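Contents: one structure, followed by commentary.
Quantities reported herein were computed from a predicted structural model and do not represent experimental measurements. Numbers here simply count residues along the sequence, with the first being 1.
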Amino acid sequence: MPDPTDPSQPSPPPPGPGPETTATSQSTGLPSNVAAAIACIPLIGGIIFYILEKRDSFVRFYAMQSIIFGCAWLLFNIVSTVVHAVFGAIPGIGGVLVFFWAIIAALVHIAFLVIWIIAMVKAFSGVRWDIPYVGPIARRQAEGSTG
């Protein structure tokens, strides 16, 4: 056992941060987990980071997942608007149908929001998490475009 007061004994190197905190996104200079969390912003964040980041597969995966998830959210909004307009045009029961559709649409929006928050937290914690149905598609797209 080395003597702690003996100056001839080299001191052990200080413990450094783990690999999770030192991994830096190659193109943006941000830590990978921060870049992936920002890339989770539906559509806009995904597009920006998918274009900027060419090497980090973790960030590219979350960016592609964000693009697909954002497109699904946008598509739901378009369909919801059309359904709302059609239900509103029905005489007599249109108001009731619009009310029930508004409740359904609100629940779906809450589900989208919860999934988005979970994806951001998982990305920030450095965990690769697949959004159901969206994740496998994003994984294939992100892995296929890096080669």
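Aromatic ring orientation, W73 versus W116: perpendicular (interplanar angle above 60°, classes split at 30° and 60°).
The two atoms that bring C40 and M120 nearest to each other are CB-CG, 3.4 Å, heavy atoms only. Across A119 and I131, no two heavy atoms sit closer than the pair CB-CD1, 4.3 Å. Scanning both residues, G135 and Q65, for their nearest heavy atoms gives CA-OE1, 3.1 Å. Shortest non-hydrogen contact noted between S66 and P42 is OG-CA, 3.4 Å. When all heavy atoms are compared, the tightest approach of F58 to A36 is CE2-CB, 3.5 Å. Pairing each heavy atom of S80 with each of W101, the nearest pair is OG-NE1, 3.0 Å.
Side-chain heavy atoms closer than 4.5 Å link hydrophobic residues (I, L, V, M, F, W, Y) into clusters, and following such links, possibly through other members, connects I110 to F69. Hydrophobic cluster membership is shared by F100 and L107, with clusters built from Ile, Leu, Val, Met, Phe, Trp and Tyr side chains linked at under 4.5 angstrom. Residues F99 and L97 do not share a hydrophobic cluster, clusters being chains of Ile/Leu/Val/Met/Phe/Trp/Tyr side chains in contact below 4.5 Å. V127 and I115 fall into different hydrophobic clusters, where Ile, Leu, Val, Met, Phe, Trp and Tyr are joined by side-chain heavy atoms under 4.5 Å apart, directly or via other members. When hydrophobic clusters are built by joining Ile, Leu, Val, Met, Phe, Trp and Tyr residues whose side-chain heavy atoms come closer than 4.5 Å, directly or via intermediates, I51 is grouped together with I41.
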Pair C71-L43, side chain to side chain contact (heavy atoms under 4.5 Å, CB included): steps then yes or no: CA-CA 7 Å; C71 286; L43 275 180; 3.7 Å; yes

Test log, rule side chain to side chain contact (heavy atoms under 4.5 Å, CB included), inputs N33 and Y62: CA-CA 10 Å; N33 63 335; Y62 271 105; over 6 Å; no

Step-by-step side chain to side chain contact (heavy atoms under 4.5 Å, CB included) determination, K54 to R60: CA-CA 7 Å; K54 298 296 182 196; R60 286 182 66 81; 4.2 Å; yes

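Side-chain contact check for S57 versus R128: some heavy-atom pair is nearer than 4.5 Å. In this structure the side chain of I67 never reaches within 4.5 angstrom of the side chain of F49, judged on heavy atoms.
The distance from the OH atom of Y133 to the CD1 atom of I68 is 15.0 Å, given to the nearest 0.5 Å. Taken to the nearest 0.5 Å, the CD1 atom of I137 stands 10.5 Å off from the CG atom of D130. Distance CE/M64 to CD1/I47: 9.5 Å, rounded to 0.5 Å. Atoms CZ and CD1, on F124 and I38 in that order, are 9.0 Å from each other to the nearest 0.5 Å.
Although no hydrogens or angles enter the test, the distance criterion places no donor-acceptor pair under 3.5 Å between the side chain of Q141 and the main chain of E143.
Surrounding CZ of F87 are more than 12 heavy atoms belonging to other residues, nucleotides or ligands, all under 6.0 Å away. For L113, the CG atom sits in a packed shell: over 12 heavy atoms of surrounding residues, nucleotides or ligands are nearer than 6.0 Å. Counted within 6.0 Å of CZ on F76, heavy atoms from surrounding residues, nucleotides or ligands total more than 12; the atom is thus considered enclosed.
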